[in-house]
Amino acid sequence: MITAKEATRFFRSYEVKCDERLVGEWMDKCPVGRDLRGLRDEIDEWDMYNFSDWFRLYGTAYEEGIDEQTKIARLLEEVAQLREKNAKLQEENFKLLSKLDFFPF
């Protein structure tokens, strides 16, 4: 049986940024993680890749096991963040074009 602390130490040895709490959550939620808690006694690189895939989606609208209302809320939040980022980039682009005295519009 592998503990979250041992798994975290292993992931960090491959420079995967994670903390013990998140690794423990992955071990509770993900079938591969649950295997580490009971069925297997060693951890390997595939576990690291599975954790990375799970963590990449964690907290997004694409996280497994969340309800539709949560998905919609997360997507709306992502849209708002993208709009804000787009506005900042447009402003930066305008400033750079101004420095070049180039106004295509």
Single-linkage hydrophobic cluster, 4.5 Å side-chain cutoff, Val32 and Tyr14 together: yes
Point-to-point distance, once rounded to the nearest 0.5 Å, from OG of Ser13 to CZ of Phe10: 5.5 Å
Heavy-atom closest contact (Ile2 atom, Ala7 atom, distance): CG2-N, 4.1 Å
Leu57 reachable from Trp46 in the ILVMFWY side-chain graph, under 4.5 Å edges: no
Distance in Å, Arg83 CZ paired with Asn86 CG, rounded so as to fall on 0.5 Å steps: 9.5 Å
Flag, side chain of Asp53 to backbone of Asn50, donor-acceptor distance under 3.5 Å: no
Sequence neighbours excluded - salt bridge (Lys or Arg N to Asp or Glu O under 4.0 Å) pairs with any residue from residues 8-34: Arg21-Glu25, Glu25-Lys29, Asp28-Arg37, Lys29-Glu63
Cut-off 3.5 Å, no hydrogens considered: what does the side-chain donor-acceptor table look like for residues 88-102, sequence neighbours left out?
| from | atom 1 | to | atom 2 | distance (Å) |
| --- | --- | --- | --- | --- |
| Glu91 | OE2 | Lys95 | NZ | 3.3 |
| Ser98 | OG | Phe94 | O | 2.8 |

Residue list, side-chain hydrogen bond (donor to acceptor under 3.5 Å, both in side chains) with Asp67, at least two apart or on another chain: Thr70
Minimum heavy-atom distance Ala61-Ile66, with the two atoms named: O-CD1, 3.8 Å
ring-ring contact (aromatic ring centres under 6.0 Å, His included) involving Tyr62 - partner list, sequence neighbours excluded: none
Residues clustered with Leu82, ILVMFWY side-chain links under 4.5 angstrom: none
Ring geometry between Phe55 and Tyr58 (parallel below 30°, tilted from 30 to 60°, perpendicular above 60°): parallel
Residue pair Met48 / Val16, side-chain heavy-atom distance below 4.5 Å: yes
Main-chain N/O of Thr60 paired with Arg74 side-chain donor or acceptor, under 3.5 Å: yes
Audit row: Asp47, Glu42, side chain to side chain contact (heavy atoms under 4.5 Å, CB included) steps and yes/no: CA-CA 10 Å; Asp47 298 315; Glu42 64 180 50; over 6 Å; no
Cys18 to Thr8 - nearest heavy-atom pair and separation: SG-CG2, 4.0 Å
Any residue meeting ring-ring contact (aromatic ring centres under 6.0 Å, His included) with Phe11, in chain and number order, not counting sequence neighbours: Trp26, Phe51
From Leu36 atom CG to Met1 atom CE, the distance as rounded to the nearest 0.5 Å: 10.5 Å
